[in-house]
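Values below: all heavy atoms of this structure, side chains included; hydrogens, waters and symmetry mates excluded. Fair warning: this is a prediction, and the values are worked out from it, not measured in the lab.
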Amino acid sequence: MAADARPVRLTRRGRLVLTTLMTAVFLGGLALAAPTSVASGVPSESRVAVVRPGDSLWSVAVRELPGMDTYRAVRQLREINDLDDGVVQPGQHLVLPVRG
């Protein structure tokens with residue numbers, strides 16, 4: 001004999017568990033989709049400069065980091081942005097070193 005098939009009903013506790021589980025999945029997805037700057041450990045107080053046509057690391061350093069030794073600024077720009085050489089492209093975003 002076949003058993004009576006009754007529809008599944010969620011109790012109040014079941015709804016709470018389901019809501020909590022869905023919230024955890026949603027927050028986990030947000031954590032995985034975090035912006036690269038957050039995921040890579042770049043400090044949130046960092047500024048970003050956009051490379052203009054004709055720019056070099058030197059010109060970005062002079063324009064964006066006035067008062068800082070330009071040689072040091074270029075070296076830090078290369079380190080922070082993981083640049084093997086000093087070549088930059090228009091439209092490229094460069095994370096600027098935090099002045100301290």
Side-chain angles (χ1 to χ4, degrees):
M1 292 184 83
D4 249 350
R6 293 196 298 182
V8 176
R9 291 181 45 187
L10 275 179
T11 62
R12 185 176 293 167
R13 181 183 291 169
R15 285 191 296 270
L16 178 63
V17 168
L18 187 60
T19 301
T20 303
L21 181 64
M22 293 304 291
T23 302
V25 168
F26 176 73
L27 292 175
L30 284 178
L32 291 175
T36 306
S37 63
V38 172
S40 67
V42 174
S44 59
E45 66 270 1
S46 292
R47 294 183 309 130
V48 175
V50 178
V51 178
R52 300 175 187 167
D55 269 350
S56 64
L57 280 180
W58 187 271
S59 63
V60 171
V62 168
R63 180 180 66 240
E64 299 293 336
L65 302 165
M68 181 184 266
D69 176 61
T70 309
Y71 288 103
R72 180 174 175 229
V74 169
R75 186 174 56 248
Q76 286 185 358
L77 283 170
R78 287 182 65 177
E79 284 178 15
I80 292 170
N81 293 285
D82 197 29
L83 301 173
D84 292 331
D85 53 18
V87 179
V88 291
Q89 302 298 322
Q92 183 176 353
H93 290 75
L94 296 175
V95 176
L96 300 174
V98 177
R99 294 184 187 183

Short side-chain to backbone donor-acceptor contact, R78 and D84, under 3.5 Å: yes
Okay, side chain of R47, backbone of P97: is any donor-acceptor separation there less than 3.5 Å? no
How long is the span from the CG atom in L83 to the CG atom in L94, to the nearest 0.5 Å? 6.5 Å
Working to the nearest 0.5 angstrom, can you tell me the gap between D69 CG and Q76 CD? 9.5 Å
Closest approach of V95 and L77, non-hydrogen atoms and distance? O-CD2, 3.7 Å
Do you know the tightest heavy-atom contact between A49 and L96? CB-CD2, 3.9 Å
So the ring pair (Phe, Tyr, Trp, His ring centres under 6.0 Å) pairs with at least one residue in residues 73-93 (sequence neighbours excluded) are none
What pairs with Q89 under side-chain contact (heavy atoms from CB on, under 4.5 Å), at least two apart in sequence or on another chain? V87, Q92
Excluding sequence neighbours, so at least two apart, what forms side-chain contact (heavy atoms from CB on, under 4.5 Å) with T70? W58, A61, V62, V74
Pairing residues for R63 by the salt bridge (Lys or Arg N to Asp or Glu O under 4.0 Å) criterion, not counting sequence neighbours: D55
All N/O donor-acceptor pairs, side-chain side in residues 22-33, below 3.5 Å, sequence neighbours left out:
| unit_1 | atom_1 | unit_2 | atom_2 | d |
| --- | --- | --- | --- | --- |
| T23 | OG1 | T19 | O | 2.8 |

Listing, residues 6-15 side-chain donor-acceptor contacts under 3.5 Å, not counting sequence neighbours, or none:
| unit_1 | atom_1 | unit_2 | atom_2 | d |
| --- | --- | --- | --- | --- |
| T11 | OG1 | G14 | N | 3.1 |
| R15 | NH1 | L10 | O | 3.1 |

